[in-house]
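See below for the structure under consideration.
What you see below is based on every heavy atom in this structure, not just the backbone, and it leaves out hydrogens, waters and symmetry mates. As the structure is a prediction and not an experimental result, all values here were calculated from the model.
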Amino acid sequence: MTGKRYKFKMAFRATEMEAREAIAAISERLRATNLTRDQADGVEIALAEAINNVVEHAYADSEPGLVRILCSLRRAHLDIRICDTGTPLPENRLPPGLAADVSVARADLPEGGFGWFLIRELTSDIRYDRCGLINHLSLRFDLIDEDG
Amino acid sequence: MSLTSTVSGNAQIVTVNADRIDAAIAIQFKEDMRMETEEGPDRVILDLSSVAFIDSSGLGAIVAAMKQLDDHRRLDLAGLTPMVEKVFRLTRMDTVFKLFASLDDAKAAVSG
């Protein structure tokens, strides 16, 4: 599929159940392409974390609005754009997503705070823009080595 | 969410009968685990072989399930599929839990 592009869109309401269905459906379509299983696993994890953030935070104080996803697959990389009309990210920027410290006593182990870390680990590039009332989060996944 | 619990030797085996442990199910999973593990053997083995996908909410729920056990009890994980294993490895939670490739491996291992 050199030079060609495979694109598809999806929109759903930001509820946990619709998010689950959308994540599974997008992942299924991507698994039918030339992505390796490991690549597709990584994409599904990052996509799920990004969408869950929208459901849990962007629309936390309002009726669940729409989430729009655009996937664009080329030979060298996959771009996923996630748009919502919820509240912006804190300070209008991407959270640092630092690794949680797990070298602690059992009672102190973290039960959350892994989401942005996983997104940063699994993507090649991420970008966030607030345009008017819309959040745009772009995730890029390199699919082949630089010299591949 | 459906959990099945049996006791085998000196371990309680809790099997997850779902293919996803995600944000939509995480709180219920934690509560169901609390009910299943309120009492029982010191060692609990969570059989994840049916789980094809986990997100950070699901991971947090498994950590919570371990933390809500009494101090002398432990939670081991068995049958991690590649994606589930990937989430545990990336977050370094693979250093917190004992992971076994299969339920048989977990049962064969000497507890403790």
Side-chain angles (χ1 to χ4, degrees), chain A residues 12 14-28 31 36-57 59-60 64 95 97-123, chain B residues 1 18-31 33-34 37 42-44 48 50-77 80-99:
Chain A
F12 59 94
T15 65
E16 286 178 339
M17 292 315 292
E18 288 197 34
R20 167 192 277 186
E21 287 171 20
I23 293 159
I26 292 166
S27 180
E28 191 179 327
R31 284 175 197 278
T36 65
R37 179 179 176 159
D38 189 55
Q39 286 171 337
D41 284 351
V43 170
E44 184 167 3
I45 296 163
L47 176 69
E49 297 303 332
I51 290 176
N52 287 342
N53 281 334
V54 173
V55 174
E56 289 165 25
H57 301 297
Y59 291 120
L98 302 176
D101 185 3
V102 301
S103 306
V104 295
R106 174 157 120 169
D108 298 326
L109 282 169
E111 295 174 32
F114 311 109
W116 283 105
F117 170 75
L118 286 169
I119 294 170
R120 287 187 181 275
E121 283 288 301
L122 292 165
T123 54
Chain B
M1 163 129 295
D19 66 345
R20 300 176 86 83
I21 307 179
D22 60 12
I25 205 77
I27 292 172
Q28 195 191 330
F29 172 82
K30 179 181 165 182
E31 282 312 305
M33 281 295 288
R34 187 195 301 276
T37 62
D42 285 356
R43 185 180 187 219
V44 179
L48 294 167
S50 295
V51 180
F53 177 82
I54 190 168
D55 64 14
S56 63
S57 301
L59 175 70
I62 291 178
V63 174
M66 190 251 285
K67 289 163 70 172
Q68 67 197 6
L69 293 175
D70 291 337
D71 283 345
H72 64 281
R73 301 177 74 200
R74 56 176 297 136
L75 180 65
D76 293 342
L77 309 179
L80 282 73
T81 58
M83 179 188 282
V84 175
E85 198 265 337
K86 191 181 183 82
V87 171
F88 274 81
R89 184 164 36 80
L90 285 169
T91 56
R92 299 198 62 245
M93 281 295 174
D94 60 340
T95 64
V96 170
F97 293 89
K98 258 194 182 168
L99 310 186

TODO: Before accepting this row, confirm whether a basic side-chain N of the pair D42(B)/R74(B) lies closer than 4.0 Å to the acidic partner's carboxylate O.
DONE: no
Task: Region of L109(A) that comes under 4.5 Å of a non-hydrogen atom in chain B - done: both
Open item on the list: Check this for me: does any side-chain nitrogen of one of D41(A) and R31(A) sit under 4.0 Å from a carboxylate oxygen of the other?
Closed with: yes
Open item on the list: Tell me which of these, P110(A), A100(A), A99(A), has more heavy-atom pairs under 4.5 Å with chain B than the rest.
Closed with: P110(A)
Open item on the list: Is T95(B) in contact with chain A via its backbone, its side chain, both, or neither, using a 4.5 Å heavy-atom distance?
Closed with: side chain
- [ ] Counting only heavy atoms closer than 4.5 Å, note whether A107(A) contacts chain B via side chain, backbone, both or neither.
- [x] backbone
TODO: Run the salt-bridge test on E16(A) and R20(A) with the 4.0 Å N-O cut-off and return the result as yes or no.
DONE: no
Open item on the list: Under the side-chain contact (heavy atoms from CB on, under 4.5 Å) test against I62(B), which residue among V96(B), I54(B), V84(B), V51(B) passes?
Closed with: I54(B)
- [ ] Please flag which part of A24(A) lies under 4.5 Å from any non-hydrogen atom of chain B: side chain, backbone, both or neither.
- [x] both
TODO: Using non-hydrogen atoms and a 4.5 Å limit, figure out which bit of E44(A) sits close to chain B: side chain, backbone, both or neither.
DONE: both
Open item on the list: Can you confirm whether more than 12 heavy atoms, excluding those of R92(B), are under 6.0 Å from its CZ atom?
Closed with: no
Task: Close side-chain approach of L118(A) and S56(B), heavy atoms under 4.5 Å - done: yes
- [ ] Counting only heavy atoms closer than 4.5 Å, note whether S103(A) contacts chain B via side chain, backbone, both or neither.
- [x] side chain
